[in-house]
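Quick notes on the structure that follows.
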Amino acid sequence: MDIKDPNPCRVIGVLDDGTASLSQTALALLRSADVVIGGARTLALFEREFKAGAVRHDLTGKLKEVPEWVRAARADNLSCVVLATGDPLCHGIAPYLAQHLCVEALDILPNLSTLQLACARIGLAWQDACIVSVHAKDAGEWQRGSVPGHGLYALAQAARQHARLLILTSPDNSPDRIARLLLAEGMGDDFLMAVAENLLQPEERVLAELTPQQAAEMKFAALNVVLLWRITPFARPVRFGLADAEFAQRQPEKGLITKQEVRAVSLARLQLRADSVVWDIGAGSGSVGLEAARLCPQGHVYATEKNDADYAIAGQNHASFGVSNYSLYLGKAPEGLDAWPDPDAVFIGGSGGELATLISGIMARMRPNGTLVMNFVTLENLATATATLQALEGVSWDVLQLQAARSKPILHMHRMAAENPVWIVCARREAGHD
């Protein structure tokens, strides 16, 4: 039998028009509370409604202390209210409290979210929109190739996949910075923006149909939300098996590229998942890593290339490829790999003479069920790779030789021209071995 908690903590959604935003039930609970928890600005907004002697806790910078404040109030049989902005279940405090207390200990009274209000102001339907919070630690301006720890990373990925986005901002990750992200990722002509400032306050202002170019040069009030909607059709790129000609290569002497047939088999052997962390070592033109980025939309690809000219070409391909989950570095592996997260899949297209060291280090870092795939065209590198793998405990491996032939015109007919044979070496750490 389900027994309702006799003294739950009330989590009440509030808005900046104060008591006008509250139902009679919510207002009565607030006025009778023995303990009130909220941010400094919210506590100040409602301070006239607190009963005499009510204990106030400012949670600003003290989020981790809130569950204990609630526990203490409930242990003393005191009525407790937590004031949250808008809907406490939409990027709010309620899920955090449920995680650290229990759902039965909470009674949630939601309000309109500021995102709903902003959509209402401009008449934007929001039932199919993606909600993103960039209320994160300041990581600076977005740069192409930024890693998942950046506070704007989730937004960059969402903008690639959704036609409407509702964004909870922060003082650092402001509307102008969001606009500059769109410009940096080549999406400046794909979206229009609306910025709703100081909602339900006397100084409320809603700026609709801004272009990212306009917004990037503007300044906005500290309290705001951002709406984005796509005005161009989604691109429908090929995700797998692009022709070699689709990638920029060094001219007149072509730089390194993993040919289409070998690339397709290598990507298949990597056993990629939607959220895979992928390393691409010896990126060359970037073809394998960039296709992997399209195949892993919730994952991330870390690529490194030691040759300046090939690094520049890979960067050029990245700029034209329409992905935001790919980071390219100039350097010679294994230098720099310590800073990367452990991989689910690793591709080695070039080793710079450090092959044995690379293989041993990679297999030590590989996540469970991860796969290492290597391409070789020389007997010496093949021998080094197989000898290194043979010496490692708990590693299974195999070798595939692949040789393709492509048709070429000869007079009014066609002949088959053989490509160089390639050995594809695959290694996997066996279950139960660390």
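Treat the numbers as computed from the prediction; the structure is a model and nothing was measured.
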Self-check item: Pairwise side-chain contact, Asp107 with Cys9, heavy-atom cut-off 4.5 Å (strictly under)
Solution: no
Quiz item: Which heavy atom in Leu199 sits nearest to a heavy atom in Ala118, and how many Å separate them?
Solution: CD1-N, 4.2 Å
Self-check item: Residues Asp342, Arg367: salt bridge by 4.0 Å N-O rule
Solution: no
Quiz item: Hey, does Lys64 have a side-chain heavy atom less than 4.5 Å from the side chain of Leu59?
Solution: no
Exercise. For residues Ala283 and Leu328, report the shortest heavy-atom separation together with the two atoms involved.
Key: CB-CD1, 4.4 Å
Quiz item: Can you list the steps and then say if Met218 with Val195 is a side chain to side chain contact (heavy atoms under 4.5 Å, CB included)?
Solution: CA-CA 11 Å; Met218 299 173 64; Val195 181; over 6 Å; no
Exercise. Compare every heavy atom of Asp87 with every heavy atom of Pro110, then report the nearest pair and how far apart it is.
Key: CB-OD1, 3.7 Å
Quiz item: Taking the six-membered ring for Trp, is the centroid-to-centroid distance between Tyr326 and Phe321 below 6.0 Å?
Solution: no
Quiz prompt | Residue pair Leu168 / His135, side-chain heavy-atom distance below 4.5 Å | solution = no
Quiz prompt | Gap between atom CD1 of Ile122 and atom CG of Leu117 - 0.5 Å precision | solution = 12.5 Å
Practice problem: Please tell me if the side chains of His162 and Trp229 come closer than 4.5 Å, counting only heavy atoms from C-beta onward. | Solution: no
Quiz item: Would you say Trp126 has more than 12 foreign heavy atoms packed within less than 6.0 Å of its CH2?
Solution: no
Quiz prompt | Val134 backbone acceptor or donor facing Asn173 side chain under 3.5 Å | solution = yes
Self-check item: Donor-acceptor contact present, side-chain Thr371 to main-chain Ala345, <3.5 Å
Solution: no
Self-check item: Rounded distance (nearest 0.5 Å) linking atom CD1 of Ile424 with atom CG of Leu382
Solution: 12.0 Å
Quiz prompt | Atom pair CG (Asp344) and CG (Leu272), whose distance is rounded to the nearest 0.5 Å | solution = 9.0 Å
Exercise. Taking atom CD of Glu217 as the centre, report whether more than 12 heavy atoms of other residues, nucleotides or ligands fall under 6.0 Å from it.
Key: no
Quiz item: To the nearest 0.5 Å, how far apart are CG in Leu83 and CG in Leu109?
Solution: 11.0 Å
Quiz item: Side chains of Ile359 and Leu372: closer than 4.5 Å at any heavy-atom pair?
Solution: yes
Exercise. Give a yes or no answer on whether the side chain of Asn325 reaches the backbone of Ala293 with a donor-acceptor pair at less than 3.5 Å.
Key: yes
Self-check item: Under 3.5 Å donor-acceptor, Arg428 side chain and Asn369 backbone
Solution: yes
Quiz item: With sequence neighbours excluded, what pairs up with His150 under the ring pair (Phe, Tyr, Trp, His ring centres under 6.0 Å) test?
Solution: Trp142
Quiz item: Just checking, is any N or O donor in the side chain of Asp16 or Gln201 under 3.5 Å from an acceptor N or O on the other one?
Solution: yes
Quiz item: Should Leu101 and Arg71 count as side-chain neighbours, where that means a heavy-atom distance under 4.5 Å?
Solution: yes
Practice problem: May I ask you to decide if Glu65's main-chain N or O and Glu68's side chain share a donor-acceptor pair within less than 3.5 Å? | Solution: no
Exercise. Could you tell me whether Arg406 and Asp244 make a salt bridge, using a distance below 4.0 angstrom between a side-chain N and a carboxylate O?
Key: yes
Quiz item: Going through the checks in order, is the side-chain hydrogen bond (donor to acceptor under 3.5 Å, both in side chains) test met by Ser324 and Gln157?
Solution: CA-CA 6 Å; Ser324 301; Gln157 309 315 313; 4.8 Å; no
Quiz item: Can you tell me how far the CZ atom of Phe347 sits from the CD1 atom of Ile362, to the nearest 0.5 Å?
Solution: 11.5 Å
Quiz item: Do Asn375 and Ser266 have side-chain N/O donor and acceptor atoms under 3.5 Å apart?
Solution: yes
Quiz item: If you measure from the Lys or Arg side-chain nitrogens to the Asp or Glu carboxylate oxygens, is any gap between Arg269 and Asp398 under 4.0 Å?
Solution: yes
Quiz item: On the ring face of Phe240, is Arg294 found with NZ or CZ under 6.0 Å from the centre and within 45° of the axis?
Solution: no
Quiz item: When you measure from the side chain of Ser360 to the backbone N and O of Thr357, does any donor-acceptor pair fall under 3.5 Å?
Solution: no
Quiz item: Without hydrogens or angle criteria, can the side chains of Ser327 and His300 be said to hold a donor-acceptor pair below 3.5 Å?
Solution: yes
Quiz item: Counting only heavy atoms not in Asp128, do more than 12 fall under 6.0 Å of its CG?
Solution: yes
Quiz item: Can you find a pair of side-chain heavy atoms, one from Leu115 and one from Ile131, that are under 4.5 Å apart?
Solution: yes
Practice problem: Write down the atom of Pro421, the atom of Val377, and the distance for their closest heavy-atom approach. | Solution: O-CG1, 4.1 Å
Self-check item: Under-4.0 Å salt bridge between Arg180 and Asp176
Solution: yes
Quiz item: Within the side chain of His414, is there an N or O that forms a donor-acceptor pair under 3.5 Å with the backbone of Ile410?
Solution: no
Quiz item: How far apart are the C-alpha atoms of Asp172 and Ser170, what are their side-chain angles, what is the distance that settles it, and do they pass the side-chain hydrogen bond (donor to acceptor under 3.5 Å, both in side chains) test?
Solution: CA-CA 5 Å; Asp172 296 312; Ser170 69; 5.2 Å; no
Quiz prompt | Any donor-acceptor N/O pair, Glu261 side chain to Ala404 backbone, under 3.5 Å | solution = no
Quiz item: Can a salt bridge be assigned to the pair Glu291 and Arg239 using a cut-off of 4.0 Å between side-chain N and carboxylate O?
Solution: no
Quiz item: Going through the distances and angles, do Met363 and Glu393 end up as a side chain to side chain contact (heavy atoms under 4.5 Å, CB included)?
Solution: CA-CA 10 Å; Met363 296 311 296; Glu393 293 186 6; over 6 Å; no
Quiz prompt | Evaluation steps, side chain to side chain contact (heavy atoms under 4.5 Å, CB included), between Leu379 and Trp423 | solution = CA-CA 9 Å; Leu379 289 166; Trp423 289 285; 3.6 Å; yes
Practice problem: Could you check Arg160 against Glu185 for side chain to side chain contact (heavy atoms under 4.5 Å, CB included), going step by step and ending with a plain yes or no? | Solution: CA-CA 10 Å; Arg160 297 285 184 191; Glu185 288 295 317; 2.8 Å; yes
Quiz item: Judged by atom type as modelled, is there a donor-acceptor pair below 3.5 Å linking the side chain of Glu197 to the main-chain atoms of Ala221?
Solution: yes
Quiz item: Heavy-atom distance under 4.5 Å between the side chains of Val373 and Val425, does that happen here?
Solution: no
Quiz item: Does Glu335 come within less than 4.0 Å of Lys332, counting only side-chain N to carboxylate O?
Solution: no
Quiz item: Which heavy-atom pair separates Val35 from Ala73 by the least distance, and what is that distance?
Solution: CG2-CB, 4.0 Å
Quiz prompt | Between Tyr302 and Trp340, ring centroids under 6.0 Å | solution = yes
Quiz item: Just checking, is any N or O donor in the side chain of Ser285 or Asn317 under 3.5 Å from an acceptor N or O on the other one?
Solution: no
Exercise. Compare every heavy atom of Ala248 with every heavy atom of Gln316, then report the nearest pair and how far apart it is.
Key: NE2-CB, 3.6 Å
Quiz item: Got a second to check how far Gln127's CD is from Arg164's CZ, nearest 0.5 Å?
Solution: 7.0 Å
Practice problem: Kindly confirm or rule out a cation-pi arrangement of Arg230 over Phe234, judged by NZ or CZ under 6.0 Å from the six-membered ring centre and within 45° of its axis? | Solution: yes
Self-check item: Polar side-chain atom of Thr169 near backbone of Val225 as donor-acceptor pair, under 3.5 Å
Solution: no
